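Just so it is clear, the model here is predicted, and its values are computed rather than measured. We count ligands from 1, going down the list as the structure has it; atoms in each ligand are counted the same way.
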Amino acid sequence: MNNKGMPHLRVNGERLISSIREMGAVGFDPQTGGRTRLALTDSDKEGRDLLCRWMREEDLDVKIDPLGNIFGVRDGSDPSELPVMMGSHIDTVRDAGMFDGVYGVLGGLEVMRTLNQNKVSTRRPLALAAFTNEEGARFQPDMMGSLYYTGTVGLEELMSAKDDGGLTVREELERIGYKGNETVRAGCYIELHIEQGPRLHAAGLPIGVVEGIQGLAWWTGEYCGESNHAGSTPMEMRKDALLAAAELASEAEKLALRLGKGSVSTMGRISPKPDIINIVPGKCSFTLDFRQFESGLFEEGKREVERLITSCAEKRGLKCYFKKSAEAPPVVFDCGMAGLIERTASMLGLDSKRMISGASHDAQFLSPFCPAVMIFVPSKGGRSHCPEEWTEAKDLENGCNVLLHSVLELV
Ligand code: GLV
Ligand code: MN
Ligand code: MN
């Protein structure tokens, strides 16, 4: 039976929210009010164990792939069909809110629970995915699970990525027991997510139909000058590596403002060495994140960022080393899938708006691989990647109902 036979079917909003809260307690820090489940840490393992238990309780066939991506499959009556896949991620940044990623995974689980409770059988199978290391907060590149899943980057390259302490993805994946050898191929993919930006909340709209995602490029680098005495080294004789990073931060801001059209640049990590009050910093490592939706401007922005990194070193006679640590091109989602989300929202009496995602998501790499789309719900005040991240219960329930009925149209 499809939704034509059950237009009144609805998810259980309370059950969804209670599961989001339970997952949100994993890695919770009462001091900051946030939770931290950096990829492949003990708290990520705890979150994974909870998710796998919930999947098994719904009789989903749990499969883990070689990069630790988790899939839960619900059979359809036609085994020759590829599954309709829902999903997102359960790893977090440091001191995160409880919705980023988790909403898409537990929203998909709530769809499975609703179908099971109402004994709805489908022709196509359904799959729920939790991709490894979407955030890239510990290991770069970000969206590692979907990079591997779609064959965009090879397993060996991703497995050898190291964290700040020199531990590799391979070591940590083996340590937490999530290196599998199975996979599940998607026929199409829908990712439910909080917007993480201010637009839906400001417009008072419950649903965003996501038409595409802006391109992302990350660099990590280091300026190398000379450590020296803070009191006795005249200003004109210094080779201060922190000042080059400071100038780069300011130049990167000017670049984003000059390119405009939503361009954004961020330097989220700057680390002077030796990091002592009375020493001119001889070294300074940094990260830079640049994003833009239009391909031409994205390319120009990337070229300009690399020119700025170099010129900020040259001006001060410093050495500089840098590499691109992640890149995800801008994508435009399948227009048929976007139309489906829009029609479903309208069928449920929910106003929607078409939009481009500012944040990156696994759907970005799934998109060239199979028809993909995303559904957004409002983020209060546009806050995200911080403990203040918030989405109202009704909005969570509405988005999940759009997911349920979009899926029912596809199966
Ligand atoms: C992922 O959360 C990103 O950085 O967009
Ligand atoms: Mn996310
Ligand atoms: Mn995130």
Next on the checklist: Can you name the atoms of ligand 1, numbered from 1 with element, that are less than 4.0 Å from a heavy atom of A359?
Outcome noted: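 Near A359, the atoms of ligand 1 are 5 (O).
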Checklist entry - Which of the numbered atoms in ligand 1 are below 4.0 angstrom from a heavy atom of E135? => result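 Ligand 1 atoms under the 4.0 Å threshold to E135: 1 (C), 2 (O).
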Next on the checklist: Counting backbone and side-chain atoms alike, is an N, O or S atom of H361 positioned under 2.8 Å from the Mn ion (ligand 2)?
Outcome noted: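 No - counting backbone and side chain alike, H361 has no N, O or S atom under 2.8 Å.
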Under-4.0 Å heavy-atom contact with ligand 1, by part of [X] that carries it:
X	answer
R291	side chain
H385	side chain
E134	side chain

Hey, are [Y] and [X] close enough side-chain-wise for a donor-acceptor pair under 3.5 Å?
X	Y	answer
E314	S311	no
R74	S121	no
Q196	S384	yes
T266	D289	no

Item to check | Candidate pair R199 and E195, rule salt bridge (charged side-chain N to carboxylate O under 4.0 Å, His left out), full reasoning | outcome: CA-CA 8 Å; R199 289 167 292 172; E195 180 196 338; 3.5 Å; yes
Next on the checklist: Any nitrogen or oxygen of S360 lying under 3.5 Å from a nitrogen or oxygen in ligand 1? Just yes or no.
Outcome noted: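 S360 vs ligand 1: N/O contact under 3.5 Å present.
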Checklist entry - Backbone or side chain, does any N or O of D142 fall under 3.5 Å from an N or O of ligand 1? => result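 No, D142 has no N/O under 3.5 Å of an N/O on ligand 1.
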Checklist entry - Ring centroid separation for F376 and Y103, is it under 6.0 angstrom? => result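 F376 vs Y103: aromatic centres not under 6.0 Å.
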Checklist entry - When rounded to the nearest 0.5 angstrom, what distance separates OH in Y321 from NZ in K283? => result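 Those atoms lie 7.5 Å apart.
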Checklist entry - What protein N/O/S atoms lie closer than 2.8 Å to the Mn ion (ligand 3)? => result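 Those protein N, O or S atoms (cut-off: under 2.8 Å from the Mn ion (ligand 3)) are D100 OD2, E135 OE1, E135 OE2, H385 NE2.
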Next on the checklist: With side chain to side chain donor-acceptor pair (under 3.5 Å) as the test, pick out the partner of K45 among D49, T41, D42.
Outcome noted: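 Result: among D49, T41, D42, D49 is the only option passing the side chain to side chain donor-acceptor pair (under 3.5 Å) with K45.
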Checklist entry - Salt bridge between K302 and E327, side-chain N to carboxylate O under 4.0 Å? => result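 The answer is yes: the pair qualifies as a salt bridge.
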Checklist entry - Would you call D75-R123 a salt bridge at under 4.0 Å N-O? => result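 No.
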